[in-house]
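What follows is a set of notes on a single structure, which appears directly below.
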Amino acid sequence: MAINPGITKEIEEAKDFFGRILEEQLSRIERMKGEEGWTDYGKLSPLVIGIAGGDGIGPFISSQARNVLEFLLCGEIKSGRVELRDIEGLTIENRVKANMAIPDDVLAEIKKCHLILKGPTTTPKKGDPWPNIESANVAMRRELDLFANVRPVRVPSRNIDWMFFRENTEGSYVLGSKGVNVGRDLSVDFTVTTEQGSERIISLAFDYAKKNGINRVTVVTKANVIKKTDGRFLNVAERIAARYPGISWDDWFIDIMTAKLIDPARAGGFRVLVMPNLYGDILTDEAAQIQGGVGTAGSANIGKRYAMFEAIHGSAPRMVEEGRQQYADPSSMLKAAAMLLNHAGYPEYSRRLDMALDICLQYEKKVRLTGRPDGATGDGFAAYVMETLKDGSLEKRWKEFSSRA
Ligand code: IPM
Ligand code: MG
């Protein structure tokens, strides 16, 4: 059957729109080519760490993470080397009012900081009471060019020590809010892979492996079906891998990869994994679940100039509706804070916080969170973490626990 002739105009508009998208992406490529080098945070004084609470349980778990940061960095804050700065206004109400993923004034404040600790923000979806504006996460990753989403998952008892490198500015996300509808029945979204975008994330994964003495990198795509974009990602991986003769690499398709993560015979063998945006979104939730749930995982969004650290879960509006926000588990934000400290040039504080979190969450477990009044509050848990950090024999205790695990 012939298509409705009235639709020709819509097709022409869609073609124009597609042309503009191609131009935009080509200029993004030019910007990537002219990209600056990595910021040396050690040279900045003061190093400004912005803290944005976000929505739902976000302000609660962020303030607990802030307390722990303040505790660890108290010397640096006193001497003026580090400043913790609250960023107001990254709330769904404000974003709806401005009809923007991140209101301009809030983005300007964020850009005055060097590193950001961000609580979860509500991402409107179809059917919500909010207008369907773009996710603040996705917008911030794009605006600050935070191209690497780095997510560690460790389960020592299962010999699992994974570091995920999720490409964070391309794939199905870069134009996620710019799909087109043509006529009443057709919807098209876009996915984008560039040579430069793939190169920078894949190189970062290989560099990480090299620096940490890890001799294997796993590349995940669906290049057998998604031939152009995933095909390019895989080709770039092959080219980059050739520069690292000491590191072996393997490529897996996303479907079988989700199965192998829960295969006890295979799981421990994966160490560094790198993949396009959407696969990384899905796989890191699965991985976090193996570790104990998305509430236990932190996430770093890294660019050459800025970096943002966050939980990988959402804002849990139901907890707030039911008045249970004070029982929310802050461990994801505390893990994010540990990653921030490492990135900021304080690896020793970061290591101590990670050890304290292992003790509190996996080994000793003296304070239990259930998300309800029968468990501890987030403040109670943060206090337990700080007590553990104060203990002079923290490292000894951690070693004892981990050798028993
Ligand atoms: C994540 C989240 C976000 C994403 C959402 C909130 C847009 O799921 O950080 O993994 O899909 O990237
Ligand atoms: Mg996700």
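Indexing begins at 1, ligand by ligand and atom by atom, following the structure's order.
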Quick one: ligand 1 N/O to protein N/O pairs below 3.5 Å?
from	atom 1	to	atom 2	distance (Å)
ligand 1	8 (O)	D281	OD1	3.2
ligand 1	9 (O)	R141	NH2	2.7
ligand 1	9 (O)	R151	NH2	2.8
ligand 1	10 (O)	R151	NH1	3.2
ligand 1	10 (O)	R151	NH2	3.2
ligand 1	10 (O)	R166	NH1	3.1
ligand 1	10 (O)	D281	OD1	2.8
ligand 1	11 (O)	Y173	OH	2.6
ligand 1	11 (O)	D281	OD1	3.4
ligand 1	12 (O)	R141	NH1	2.7
ligand 1	12 (O)	R166	NH1	3.3
ligand 1	12 (O)	R166	NH2	2.8

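Counting only distances under 2.8 Å, and ignoring water, the protein N, O or S atoms around the Mg ion (ligand 2) are D281 OD1.
Side-chain contact, D329 with S331: a donor N or O sits under 3.5 Å from an acceptor N or O. Remark: the Y173 side chain and the D281 side chain contain an N/O donor-acceptor pair separated by less than 3.5 Å.
Shortest non-hydrogen contact noted between F233 and M275 is CZ-C, 3.6 Å. Nearest heavy-atom pair across R151 and S299 is NE-OG, 3.0 Å.
Aromatic ring centres of F270 and W252 lie closer together than 6.0 Å.
Note: Y349 and Y346 have parallel aromatic rings, judged against thresholds of 30 and 60 degrees for the angle between ring planes. Under the 30°/60° scheme for interplanar angles, the aromatic rings of F18 and F190 are found to lie parallel.
By the 4.0 Å N-to-carboxylate-O rule, E12 lies too far from K9 to be salt-bridged with it. Under the 4.0 Å criterion applied to side-chain N and carboxylate O atoms, D358 and R154 are assigned as salt-bridge partners.
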